[in-house]
Amino acid sequence: MQTKLYVHTPAGRFILADAMNVRIFEVVNGEFYVTFTYPRQEGDEERYAALVEGNDISFPPDIERGQAFKIRKVDERRQGRKIYKVVEAHHVAFTLGNYFLDSYIDFAAAKTLQEMLTILGADTPFTFVVEGNFPAQDIFEWGEDTKFKLLQQLRELYGAELSFDNYTITLTTRKGGNYGSRVRYRHNLKGITRKSHDIERITRLYGYGKNGLTIEGYAGHTVKYIDSPYFDPNNPYMGKMEWPDIEEQGRLLQEMQKYLKKYELPKVSYDVDFVQMEKVDPEFEAERIREAGDTVTCFDEVLGYSFDARAMEYERYPFEPQRGRVVLANFREMKTSDYIFQATVGSKKALSYTNKNAVLKGVKYDDSITLVDGLGMLVSDDQGRPMVRLGQTGPGEYGQAMFNKAGVKTIWQDASTGDARFAGRLEAASGTFTGTLQAGNVIGSVITGGSIYGAYIATSGTYPMAAMSNTDNWFIAAKDANRFVLMTPMGDNPSIQIYDGLLGRNLLLYNQGGDSHIGSTNSLRITATLGDLYLHATSGLVRFQSWSKIYSDGNSQTLQQALDSLSSRITALGG
């Protein structure tokens with residue numbers, strides 16, 4: 001492959017066609033530089049002289065994404081009659097470190113990543129982009145340092161990753177992509193070394209600030225340590241870390257959480273030497289590893305390793321056919337298992353992953369993540385936000401949990417009872433609800449257009465319903481089992497009952513075709529039989545007021561007429 005490398009000087013751009021051993025080394029969130037050798041030849045003095053500190057090196061757009069690098073180191077050597085330069089150029093994004101922020105933030109609450117990057121990018125040629133969702137963070141003692149160091153502090157604080165595109169710096173939830181790159185033994189895999197250790201592992205961290213400051217008593221913390229989700233009391237990894245400059249408990253907790261996340265799991269990595277097949281076979285171009293952070297599928301039948309992992313370090317030779325080295329590590333490192341799985345397959349590409357313990361088949365339509373780790377299976381959306389967790393959903397809790405985009409748990413299984421719980425609104429898009437519905441308060445205004453079947457019992461709260469439309473048998477029981485209003489059935493013989501169990505009697509009973517009474521049967525009872533109305537008062541008095549007529553045996557007369565007639569009869573009898 002012909003070398004296409006350029007050097008930029010105040011006098012113009014020159015192609016470095018004779019550059020040799022062009023090597024790019026890139027680490028996720030770390031180094032990113034190019035090295036090469038260039039011979040001194042007669043007639044090429046101008047190009048040779050242009051290779052000095054401060055000048056830029058760049059690739060064409062179709063190679064290495066057209067990235068630019070600034071020369072930072074030049075060694076001139078002689079071997080016999082050969083004279084050449086060894087050049088090292090760092091990505092132009094690192095020139096952000098040439099700028100200094102002379103302002104200082106002692107403390108600022110709930111600052112967004114976008115706000116902090118606006119401060120960082122002022123008076124520089126750089127553009128900052130944020131991809132994904134990063135919660136606001138409290139800022140402690142930030143500033144008065146080079147801007148690249150401050151950028152790294154923000155990256156760690158917000159849990160982001162850095163992606164460089166010349167003078168555009170992106171902070172993202174995950175750098176790189178999955179383009180189907182594979183390394184396989186006897187195909188393009190030349191060698192593999194697996195490295196793992198738990199020498200630095202910590203699952204319970206004790207943290208100390210200035211003058212012995214701890215988090216005990218802060219924000220509900222009753223102890224001075226924090227535990228990782230991987231803490232096992234039968235196999236603990238306990239350690240401590242000191243931050244002698246920290247004076248606030250909130251910041252101490254923040255630093256402890258970041259430190260524990262870094263050391264809570266064993267370190268596992270794979271150092272792979274491979275043939276870059278896209279350089280010798282055009283069919284492999286679409287599946288090549290493009291940058292550090294990309295996902296790579298690795299197969300080694302002899303060692304028994306089959307896993308998807310990220311290229312955390314990527315060393316490549318863009319103009320030589322068969323050289324490459326990559327350090328693969330898991331996106332979220334797992335325990336000492338022989339596979340690492342990160343299903344980040346590109347748009348509408350199917351992935352099948354199989355080993356003796358697990359089978360997974362799926363189709364991915366975006367940049368969402370399906371991750372199998374020590375807690376179980378996690379599905380995140382294309383912004384890196386956890387949406388579903390199956391396995392261990394929290395300390396001592398197992399089952400399934402679903403989350404909304406704000407990170408709030410919405411549907412989950414209670415670990416103690418096994419009950420399914422949900423937060424928010426329960427809505428049936430189609431179909432019906434069956435079974436028993438129990439709630440403290442059921443709030444609504446109108447129930448129309450259907451029927452309500454079964455019993456609705458509120459042990460507390462109320463049912464404020466403005467209207468009910470129903471033609472079937474039903475009843476409503478309110479307050480509790482001892483005090484209720486009962487209406488049943490809706491048909492030829494409706495009845496209404498108000499019962500007070502504390503008094504041991506009905507306050508009102510209406511029964512069509514039978515006895516009805518107000519109060520108990522010892523008070524006032526109304527009986528309607530064959531069109532006649534009978535009033536029974538077995539105790540106390542019955543007062544009739546404002547009655548105009550009394551009906552008896554088919555005759556009617558006013559109350560005054562009845563009294564006059566009665567008086568006349570008494571007088572006739574000598575009364």
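What you are looking at is a predicted structure, and each value in this text was computed from that prediction instead of being measured.
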Applying side chain to side chain contact (heavy atoms under 4.5 Å, CB included) between Glu26 and each of Arg316, Gln67, Glu313, report the one that passes.
Arg316

Counting only N and O atoms by type, is there a donor-acceptor contact under 3.5 Å from the side chain of [X] to the main-chain atoms of [Y]?
| X | Y | value |
| --- | --- | --- |
| Arg201 | Tyr263 | no |
| Thr170 | Thr172 | no |
| Gln249 | Thr214 | yes |
| Thr173 | Gly132 | no |
| His221 | Val223 | no |

Around atom [atom1] of [X], are there more than 12 heavy atoms from other residues, nucleotides or ligands closer than 6.0 Å?
| X | atom1 | result |
| --- | --- | --- |
| Lys4 | NZ | no |
| Asp75 | CG | yes |
| Lys175 | NZ | yes |

Any side-chain donor-acceptor pair under 3.5 Å between [X] and [Y]?
| X | Y | value |
| --- | --- | --- |
| Thr37 | Arg23 | no |
| Arg251 | Gln254 | no |
| Asp198 | Tyr237 | yes |
| Glu115 | Thr118 | no |
| Tyr317 | Glu315 | yes |

Parallel, tilted or perpendicular: rings of Trp243 and Tyr259 (30°, 60°):
perpendicular

With a 4.5 Å cut-off on side-chain heavy atoms, are [Y] and [X] touching?
| X | Y | result |
| --- | --- | --- |
| Leu117 | Leu151 | yes |
| Phe140 | Glu248 | yes |
| Met256 | Ile215 | yes |
| Thr222 | Glu216 | no |
| Glu320 | Val22 | no |
| Met20 | Phe319 | no |
| Tyr314 | Asp294 | no |
| Glu141 | Asp106 | yes |

At what distance, to the nearest 0.5 angstrom, does [atom1] of [X] lie from [atom2] of [Y]?
| X | Y | atom1 | atom2 | result |
| --- | --- | --- | --- | --- |
| Leu205 | Asp227 | CG | CG | 9.5 Å |
| Lys70 | Ile57 | NZ | CD1 | 10.0 Å |
| Glu242 | Leu252 | CD | CG | 11.0 Å |
| Glu53 | Glu88 | CD | CD | 10.5 Å |
| Phe128 | Leu171 | CZ | CG | 7.5 Å |
| Leu113 | Arg155 | CG | CZ | 12.0 Å |

Is there a side-chain hydrogen bond (donor to acceptor under 3.5 Å, both in side chains) between Thr95 and Arg72? Walk through the geometry before answering.
CA-CA 10 Å; Thr95 62; Arg72 300 298 300 272; over 6 Å; no

Using the ring-ring contact (aromatic ring centres under 6.0 Å, His included) rule, pick out the option among Tyr33, Phe25, Phe32 that qualifies with His90.
Tyr33

I would like to know whether Tyr167 and Thr127 meet side chain to side chain contact (heavy atoms under 4.5 Å, CB included); could you show each step before the answer?
CA-CA 6 Å; Tyr167 286 89; Thr127 299; over 6 Å; no

Below 4.0 angstrom, N of the basic side chain to O of the carboxylate: do Glu291 and Arg65 qualify?
yes

Might you point out which heavy atoms bring [X] and [Y] nearest each other, and give the distance in Å?
| X | Y | result |
| --- | --- | --- |
| Pro10 | Asn55 | CD-OD1, 4.2 Å |
| Val296 | Ala311 | CG2-CB, 4.4 Å |
| Val74 | Val52 | CG2-CA, 4.1 Å |
| Lys147 | Ile119 | NZ-O, 4.1 Å |
| Thr3 | Ala19 | OG1-O, 3.5 Å |
| Ile226 | Gln257 | CD1-N, 3.8 Å |

Does Tyr99 form a side chain to side chain contact (heavy atoms under 4.5 Å, CB included) with Asp123? I'd like the steps, not just the answer.
CA-CA 9 Å; Tyr99 298 86; Asp123 301 320; 6.0 Å; no

Side chain to side chain contact (heavy atoms under 4.5 Å, CB included), that's the test. Do Ile24 and Glu64 meet it? Break it down for me.
CA-CA 9 Å; Ile24 296 175; Glu64 290 297 327; 3.2 Å; yes

Hey, mind stepping through Arg325 and Asp273 against salt bridge (Lys or Arg N to Asp or Glu O under 4.0 Å) and telling me if it holds?
CA-CA 5 Å; Arg325 187 184 71 84; Asp273 293 317; 5.1 Å; no

Evaluate Arg310 against Glu161 for salt bridge (Lys or Arg N to Asp or Glu O under 4.0 Å), listing each step before the verdict.
CA-CA 13 Å; Arg310 296 185 75 199; Glu161 293 188 353; 2.9 Å; yes

For side chain to side chain contact (heavy atoms under 4.5 Å, CB included), just list the numbers for Phe126 and Leu96, CA-CA rounded to whole Å, side-chain angles, deciding distance to a tenth of an Å, and then say yes or no.
CA-CA 8 Å; Phe126 292 93; Leu96 180 65; 3.8 Å; yes

So, for Phe94 and Phe69, is the gap between ring centers shorter than 6.0 Å?
no

List the steps and the verdict of ring-ring contact (aromatic ring centres under 6.0 Å, His included) for Tyr158 and Phe134.
CA-CA 6 Å; Tyr158 288 90; Phe134 298 95; 7.1 Å; no

Within 45° cone and under 6.0 Å: Lys240 NZ/CZ vs Tyr208 ring
yes

